[in-house]
Amino acid sequence: MPISVRLPDDSVREMPDGATGTDLARGISPRLLDAAFAIRVDGAVQDLNSPLKDGSKVAVITSKDPESLDVVRHSTAHLLAQAVQRLFPKVKVGIGPVIEDGFYYDFLVEKFFTPEDLEAIEAEMRRISEENVPVVREELEREDAIQRFGAMGEPFKVELVSELPAGVTISGYRQGDFYDLCRGPHVPSTGKLKAFKLLHTAAAYWRGDEKKAQLCRVYGTAFHTQKELDEHLRRLEEAKARDHRKLGRELGLFSFHPEAPASPFFHPKGTVIYNELVNYMRQNYLREGYSEVITPQALDVSMWKTSGHYDKYQENMYFTEVEEKEYALKPMNCPTHCLIYGTGKHSYRDLPIRYADFGRLHRYERSGVTQGLTRVRTFCQDDAHIYCAPEQMKVEMASFFAFIMDVYHTFGFEEIRIQLSTRPEKRLGTDEMWDLAEGSLADALKEAGLAYTINPGDGAFYGPKIDFSVLDALKRPWQLGTLQVDYSMPSRFGLTYVKPDGSEGTPVMLHRAILGSLERFMGILIEHCAGAFPVWLAPVQAAILPITDRVHDYAKQIQSKAMELGIRVELDLRNEKVNAKIRDAQLLKIPYMLVLGDREAASGQVSVRHRYQGDLGAQGLDDFFAKIKEEIRVRAR
RNA sequence: GCCCAAAUAGCUCAGUGGCAGAGCGCGUCCUUGGUAAGGACGAGGUCGCCGGUUCAAUCCCGGCUUUGGGCUCCA
């Protein structure tokens, strides 16, 4: 009985019964067979060698289809495992999934792999690729699989098989001397795997559980062509060159010291950036109707018991004792704002009340998880809490969305991702409250014309939330802003407002931040702009570079004029040639260089060089100052 | 917290069981220059901290500290 399948161009092809994707591809053209990695059958990706079913829609997947890359990477992970088992027969295999930008495979090893081991493994992988070993799928019964992997001495695989849900098809893949439990699909033979590279090793726990065995994870990546692989490796290099920890040191922005682990020390230049960020937010707050408050650093634990932090957040808090009273450093500002709100009676006419706070926060992070500026133990948020009546939520949310998008655009973040997290299983409050809160968030997003995805059940126990992520210049996502609805804390603190009818209501509290942690934001910004800050943020906005010491006095005049105008300049009086001074200013990514020689001193001008555009020629001093002032005022990117 | 790795001049890094090294940076001098590195000389170090082995430790061993890569994107 012949079967027929439908191709993507809607043509129908007749095949003999038992024909596979390989037969189909070969039938269409030998070149297609050569280019084929897998097939898509009724939407699901399958092995090229899987038998075709009558009446199905089939497409041959080549390197042009995005799915093919995952297949290649997954198969390369198997190639890695095969190479490891050839070189290190005692090693037990864990899992080897595809991840963003590559794959990894976990191994239980006697001795952690060294970089030299990785080289040897990679060489072995190339050998297997050249051998062009066929990759063959088998389906098996659970008991057979357990027995088989047990006989192979692979305890992790046995564990996985036993825990697979009933009813799923269990499959294994054989390639030469290697056999692995795997859902597939895979490339038809190892010769299809050509452009791959092992990157590094790291420890990982079996199934991410620190009580379970520690495995040696090998990370790698694979592409269709060497060219794409090289491009990817180049991007990794680029990311390394932009690393904010490296740039922070080179540009003199901040340092870290063992005296306060994971806590940045901002140097004068880093402090300029930090303060500019705060100034910028303050300016926005004026327009948006926020009032800034200042609240204490160390607070009695009784308050943290009221707020719930003592119960739910204690492990991340720092405690101290004075006069037999226990205090905690604040990890969040919200409870202190509730105390301020509670000092007076509030009418519905007073709402919304928006308290902003640039207070320093301390959170204990486990020693292994801190990282540069992006994960620290002390930081400051552009934090604010909005107290409003439930019916005001939607309007507040809408204006917040406009606000946050405006801020992100100022920094040159064009692509923004929004996630709405809805009610979790364990939660406070009535369903009506949740309906209102989630509905308000969703409506406000829709009315603002913002696309978003939903994270069902991922909201906080006290209310739903929205997270905002930006993509930086290297297209890496970073979560920055957040908007959380909180029904719980206002009532815990007994906060009320008087409604129009004279009865008392409990306000809703919105927690919100735009930049998130200023420390983390600065780290992201450094990497986003590779240390070349827009003029308004640049620690040094212009370098004054005299060519000869005959013009030092003129240079000093320009310096004082700039200081009067509030422009940050640096005067380079070193006994160096102008080329050297320009080079050094360029390396510090200073936006403007003012080159001064006898000509400029005589005419009262400055020769302007821009860090990207190069020599802009001579300009009148006032012209230059007017232009740079304007650039700063509008916060040009 | 756990695993692996690193820690040597301000920075980047080399090196050795027996006097501590380079490049850049810094200082002084010569040079006074026109849009990405002029030249000479010089200063600068408890080789992260504590202990052990040794005639001798920056180097070998142990502990600690900090930093870095990671610790489910589930066959």
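Because the structure is predicted, anything quoted here is derived from the model rather than measured. Proteins come first, then strands; the chains are lettered A, B, ... in the order of their sequence lines, and each starts at number 1.
When heavy atoms are screened at a 4.0 angstrom cut-off, A/Ala262 is found touching the sugar-phosphate backbone but no base atom. A/Ala203 comes within contact range of at least one nucleobase, with a heavy-atom separation under 4.0 Å. Note on A/Arg217: only backbone sugar-phosphate atoms sit closer than 4.0 angstrom, heavy atoms only; bases stay farther off. Using a 4.0 Å heavy-atom distance criterion, A/Lys157 is classed as a sugar-phosphate-only contact. A/Pro97 comes within contact range of no nucleotide atom at all, as no heavy-atom separation falls under 4.0 Å. At a threshold of 4.0 angstrom between heavy atoms, the contacts of A/Val98 are confined to the sugar-phosphate backbone, with no base atom among them. Contact annotation for A/Leu215: no contact, since no heavy-atom pair falls under 4.0 Å across all strands. A/Ser162 comes within 4.0 angstrom of no nucleic acid atom, judged by non-hydrogen atoms across all strands.
Aromatic ring pairs are classed by plane angle as parallel below 30°, tilted from 30° to 60° and perpendicular above 60°; the pair A/Tyr105 and A/Phe107 is parallel. Taking the six-membered ring for Trp and thresholds of 30 and 60 degrees, A/His244 and A/Phe254 have ring planes inclined between 30 and 60 degrees apart. Relative orientation of the A/His224 and A/Phe37 rings is tilted, given thresholds of 30° and 60° on the angle between their planes. Ring geometry for A/Tyr592 versus A/His610: interplanar angle over 60°, hence perpendicular rather than tilted (30 to 60°). Under the 30°/60° scheme for interplanar angles, the aromatic rings of A/Tyr310 and A/Phe319 are found to stand perpendicular.
Taking the C1' atoms as reference points, B/U12 lies 45 Å from B/A75, given to the whole Å. Here, B/C59 and B/U53 have their P atoms 14 Å apart, quoted to the whole Å. The same atom, C1', is picked in B/G23 and in B/G15; the two are 15 Å apart, to the nearest Å. The separation of B/A5 from B/G51, taken at their P atoms, amounts to 25 Å, rounded to a whole angstrom. Spacing between B/G44 and B/C11 at atom C1', rounded to whole Å, works out to 13 Å. Separating the C1' atom of B/A7 from that of B/U58 is a span of 12 Å, rounded to the nearest Å. Nucleotides B/G39 and B/C60 place their P atoms 39 Å apart, quoted to the nearest Å. Taking atom C1' on both B/U31 and B/U65, the two are 48 Å apart, rounded to the nearest angstrom.
Side-chain N/O atoms of A/Arg417 and A/Gln479 include no donor and acceptor closer than 3.5 Å.
In this structure, CG of A/Asp209 is placed 15 Å from P of B/C3, rounded to the nearest angstrom. Atom pair A/Lys240:NZ and B/G68:P shows a separation of 14 Å (rounding to whole Å applied). Atoms CD (A/Glu259) and P (B/C64) sit 19 Å apart, rounded to a whole Å. Atom CZ in A/Phe107 sits roughly 16 Å away from atom P in B/C71 (whole-Å rounding). Rounded to whole angstrom, the span from the CG atom of A/Asp106 across to the C1' atom of B/C3 amounts to 12 Å. Rounded to an integer number of Å, the gap from CG of A/Leu69 to P of B/C73 is 19 Å. Here B/C3 presents its P atom at 19 Å from CZ of A/Phe113, a figure rounded to the nearest Å. Atom C1' of nucleotide B/C71 and atom OH of A/Tyr105 are separated by 18 Å, given to the nearest angstrom.
In terms of heavy-atom proximity, A/Leu571 sits nearest to A/Ile544 at CD1-CG2, 3.6 Å. Considering all non-hydrogen atoms of both residues, A/Glu154 and A/Val93 come closest at OE1-N, 2.9 Å. Across all non-hydrogen atoms, the minimal contact from A/Asn49 to A/Pro188 is ND2-CB, 4.2 Å. In plain terms, the two heavy atoms of A/Thr422 and A/Pro456 that are nearest each other are OG1-CA, 3.2 Å.
Residue A/Arg245 places none of its side-chain N or O atoms closer than 4.0 Å to OP1 or OP2 of B/U67. An OP1 or OP2 oxygen of B/G69 is reached within less than 4.0 angstrom by a side-chain nitrogen or oxygen of A/Gln371.
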Dot-bracket pairing map - RNA chain B, Watson-Crick plus G-U, both contacts under 3.5 Å, | cross-strand: (((((((..((((....[..)))).(((((.......))))).....(((((..]....))))))))))))....

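Atom-to-atom distance recorded for A/Leu471:CG and A/His528:NE2 is 10.0 Å, nearest 0.5 angstrom.
If you check residues 144-155 of chain A against RNA chain B, you find no residue with a heavy atom closer than 4.0 Å.
Screening residues 538-554 of chain A for side-chain hydrogen bond (donor to acceptor under 3.5 Å, both in side chains) gives A/Arg550-A/Asp598 as the qualifying pairs, with residues at least two apart or on separate chains.
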Base-contact (B) and sugar-phosphate-only (S) positions in nucleotides 31-36 of chain B, heavy-atom cut-off under 4.0 Å, - elsewhere: BBBBBB

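A/Lys556 meets the side chain to side chain donor-acceptor pair (under 3.5 Å) test with no other residue; sequence neighbours excluded. Remark: A/Phe266 engages A/Tyr274 in a ring-ring contact (aromatic ring centres under 6.0 Å, His included) (not counting sequence neighbours).
Donor-acceptor pairing under 3.5 Å, judged by distance alone, is absent between the side chain of A/Tyr205 and the base of B/C3.
A glycosidic torsion no more than 90° from 0 defines the syn conformation; B/C60 lies beyond that range and is anti.
If you check B/C73, B/A75, B/G70 against the side chain of A/Tyr219, the one that comes closest is B/G70. Comparing atom distances between the A/His200 side chain and each of B/G69, B/A75, B/U65 picks out B/G69 as nearest.
Of the two residues near RNA chain B, A/Phe112 and A/Phe256, the one whose nearest nucleotide lies more 5' is A/Phe112.
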